[in-house]
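Working notes, structure below.
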Amino acid sequence: WPAATCVRVAIALAAVLGTGCSGGDSAVRPTRQQVTAAIQPLLDDLSHEFNMSFQVGYTDGTSHGQGWGFAAGYDDHIQGTRLLPSTQIPGGSVTKTWTGVAILQGVARGELELTSLVHTIVDPMLMAQNGSTLLELWRGNDEVHRITVRDLLGHTSGLEDYDNDQLRFFTIANPSTDFTPFDFLAAANKTLVCRKVPCPPYYSSINYILLGLIAQHLARRSAWEDFDQLGVIPRARQHLYDQTSFPKLGPCAQYPVSHQYATADTPASSGSGPAPSSLFWDMIQSSCLNGWTTGNIASSARDLSMFFRDLFRTDGTAGLLPPHLLAEMRGWRNLTNDWTAGYAELGIWYGLALFRCGEFEHIVVPGTGDPAGAVLWGHPGSDYGSSSSPVCGWNDAYGFGICVLMNSVQGMNCSSEASVELAQRAPSIGSCLIYAEILKLHGGPWLNCYDYEPDAARVHRPHRRPSRRAPRCAWDDGLSVCGGCRSSVCAQCADCTKDRVGECAPCWEGFFPCMPMCNARKCF
């Protein structure tokens, strides 16, 4: 759920991660009091305007301790509990950078090479845990025997990605069932994207599931569930990452993670508002595995900002990788997936387990600073109900780590005062405004966060609440027990009936299935 969703959010505003200048040491170092004064009121306003929750992590590049965390909004909308700076939010594909670091640390130790053939490492792991080999899984296509570790890290293996829509519906319809790494490998399209490996870069989460098996091998673990993904952090610093976990089997409810709200727009309601009603359902009872080493991290924004600081630290202290391997991570190339059309022009490129995204360069207000100073190096990601996109990475020009997390995939303010477009772009707009404030504190360039407006004053004036407060979403508790498909969304579904208390029979007619009515609430 990494790729398509996070990219959809990112492209909506031209606003993500990084390129770098060389620097890494800003003359301006904001204090915690300054960061709090700039960020907390903005978070409060954004969470009110979009009725969704935001969490921000900031880590100064010269600091050796923990970063700073900020939050606003609700964790559980039904119970009314607040999101805390320490709450762990599923972050999706930002997991890929952690997985990539685990592999590159193995390269640094001399235990494998970037040119090592993948099948020679994963076949014993596959046979022991799944009774198969890579060649058997890919139906005898011997091109898979040419795939190297570098090909997996840089998405040049030619392996197709999984079907995101199919998995989304499976997860909703089977909340108690985990889609395991081997289910991903079995379900993947077995046609390679080119005839000869290596292929042009083609983003595929399947690559990072195979890298997970290699990381399991490097860690000398007999079962994939036993691989400690936090192990990329030096043991002496692991106690600082007390707000990070990597859920394995079982529902999110059994892990210390936030509630997350997935959504699908429904046909326009009969009301006078311009926005169609939306159904939001809580993913807390669904599997939290999220593709394992391709997307299962649950972390606070603070810990993620600290991770990128530890990866790219510029104070002379040894980081997570030696310099020559960090340079390998930055060997940028253009992705060739359909959804990446136009990325090259925006400066969004992929290295090894790392995005170089330059969208922010294109929305710098002229005359306010070097556009290169707005670039981040990192990895966005999304789950079906939460997001670490588009801002999660390292600013090389000013030397700080930053991450913005949200526990909804779009704005949840469904009043007539909130347009559909604004709600869908809430993560992009909110993340950009937050990042703009941090850049301003460092004396960096100003960002134009509203459709490339030329009005710099609007970008930097305080974000005010609307003079007339927009009502929050109303949650229709009648849908919590199906109620015979009261929702107009399910009226077309003849087989959407209550089969036992708290559960509904599945119905696949139309864009949105009736089945999740048990856990959904309708937003009016």
query = Strictly by modelled atom types, are Ser386 and Asn407 linked by a side-chain donor-acceptor pair under 3.5 Å?
reply = no
ask   = Are side-chain heavy atoms of Leu84 and Asp75 found at a separation under 4.5 Å?
value = no
query = Judged by atom type as modelled, is there a donor-acceptor pair below 3.5 Å linking the side chain of Gln55 to the main-chain atoms of Thr87?
reply = yes
inquiry  = Quick one, Asn334 and Trp349 - any side-chain contact, counting heavy atoms below 4.5 Å?
reply    = yes
message = Please find the pair of heavy atoms, one from Cys288 and one from Asn296, that lie closest to each other, and give the distance.
response = O-CB, 4.2 Å
query = Is a side-chain N or O of Ser388 found less than 3.5 angstrom from the main chain of Gly91, in a donor-acceptor match?
reply = yes
note = Of all heavy-atom pairs linking Met306 and Thr59, the shortest is N-OG1, 3.3 Å
remark   = To the nearest 0.5 Å, atom OG of Ser428 lies from atom CE of Met406 at 8.0 Å
inquiry  = Between Ser205 and Thr294, do the side chains contain a donor N or O and an acceptor N or O under 3.5 Å apart?
reply    = yes
task = Starting at CD1 of Ile121, measure out to CD1 of Ile103 and round the result to the nearest 0.5 Å.
result = 8.0 Å
key: Stepwise side-chain hydrogen bond (donor to acceptor under 3.5 Å, both in side chains) test for Thr244 and Asp303   = CA-CA 7 Å; Thr244 297; Asp303 276 17; 2.8 Å; yes
inquiry  = Are the side chains of Leu213 and Gln129 in contact, using a 4.5 Å heavy-atom criterion?
reply    = yes
task = Assign the ring pair Trp98 / Phe307 to parallel, tilted or perpendicular, where the plane angle (0 to 90°) is split at 30° and 60°.
result = parallel
message = Rounded to the nearest 0.5 Å, what separates atom OG1 in Thr97 from atom CG in Leu352?
response = 11.0 Å
query = So Phe360 and Tyr435, would you call those rings parallel, tilted or perpendicular, with 30° and 60° as cut-offs?
reply = tilted
remark   = Of all heavy-atom pairs linking Ser408 and Met52, the shortest is O-CE, 3.5 Å
inquiry  = Does any part of the side chain of Asn395, heavy atoms only, come nearer than 4.5 Å to the side chain of His442, both counted from C-beta?
reply    = no
inquiry  = Are Leu185 and Leu210 packed together at the side-chain level, in the sense that at least one heavy-atom pair is separated by less than 4.5 angstrom?
reply    = yes
ask   = Atom OG of Ser387 and atom CG of Leu405: how far apart are they, to the nearest 0.5 Å?
value = 8.0 Å
inquiry  = Apply side-chain hydrogen bond (donor to acceptor under 3.5 Å, both in side chains) to residues Asp178 and Ser287 and explain how you reach the verdict.
reply    = CA-CA 6 Å; Asp178 294 289; Ser287 171; 2.6 Å; yes
request  = Run the numbers on Asp310 and Tyr241 for side-chain hydrogen bond (donor to acceptor under 3.5 Å, both in side chains), then give the verdict.
outcome  = CA-CA 11 Å; Asp310 284 349; Tyr241 287 81; 2.7 Å; yes
request  = Show your working on salt bridge (Lys or Arg N to Asp or Glu O under 4.0 Å) between Asp226 and Lys248 and close with a plain yes or no.
outcome  = CA-CA 9 Å; Asp226 295 335; Lys248 300 295 195 304; over 6 Å; no
key: Cation-pi check, Arg333 onto Tyr350 ring (under 6.0 Å, within 45° of axis)   = no
ask   = To the nearest 0.5 Å, what is the distance between OH (Tyr343) and CD (Glu359)?
value = 7.0 Å
inquiry  = I need the minimum non-hydrogen distance between Thr99 and Thr293, along with the two atoms involved.
reply    = OG1-O, 2.7 Å
Close side-chain approach of Met283 and Asp383, heavy atoms under 4.5 Å = no
request  = State, yes or no, whether a side-chain contact exists between Leu112 and Val107 at a heavy-atom distance under 4.5 Å.
outcome  = yes
query = Where does the angle between the aromatic ring planes of Phe312 and Trp394 fall among parallel (under 30°), tilted (30 to 60°) and perpendicular (over 60°)?
reply = parallel
ask   = Roughly how far, to the nearest 0.5 Å, is CZ of Arg82 from CG of Asp76?
value = 12.0 Å
task = Check whether any side-chain heavy atom of Thr148 sits under 4.5 Å from a side-chain heavy atom of Val197, and report yes or no.
result = no
message = Parallel, tilted or perpendicular: which one describes the rings of Phe54 and Phe50, with boundaries at 30° and 60°?
response = tilted
ask   = Are side-chain N/O atoms of Gln66 and Gln243 paired as donor and acceptor at under 3.5 Å?
value = no
request  = Kindly give the heavy-atom pair with the smallest separation between Gly291 and Ile209, and that separation in Å.
outcome  = O-CG1, 3.6 Å
message = Counting the benzene-type ring for Trp, do Phe184 and Trp292 have ring centres under 6.0 Å apart?
response = no
ask   = If you look at every heavy atom in Ser245 and Gln88, which pair is closest and at what distance?
value = OG-OE1, 2.5 Å
task = Could you tell me whether the side chain of Gln40 and the main chain of Ala71 form a donor-acceptor pair under 3.5 Å?
result = yes
ask   = For the ring pair Tyr202 and His155, is the centre-to-centre distance below 6.0 Å?
value = no
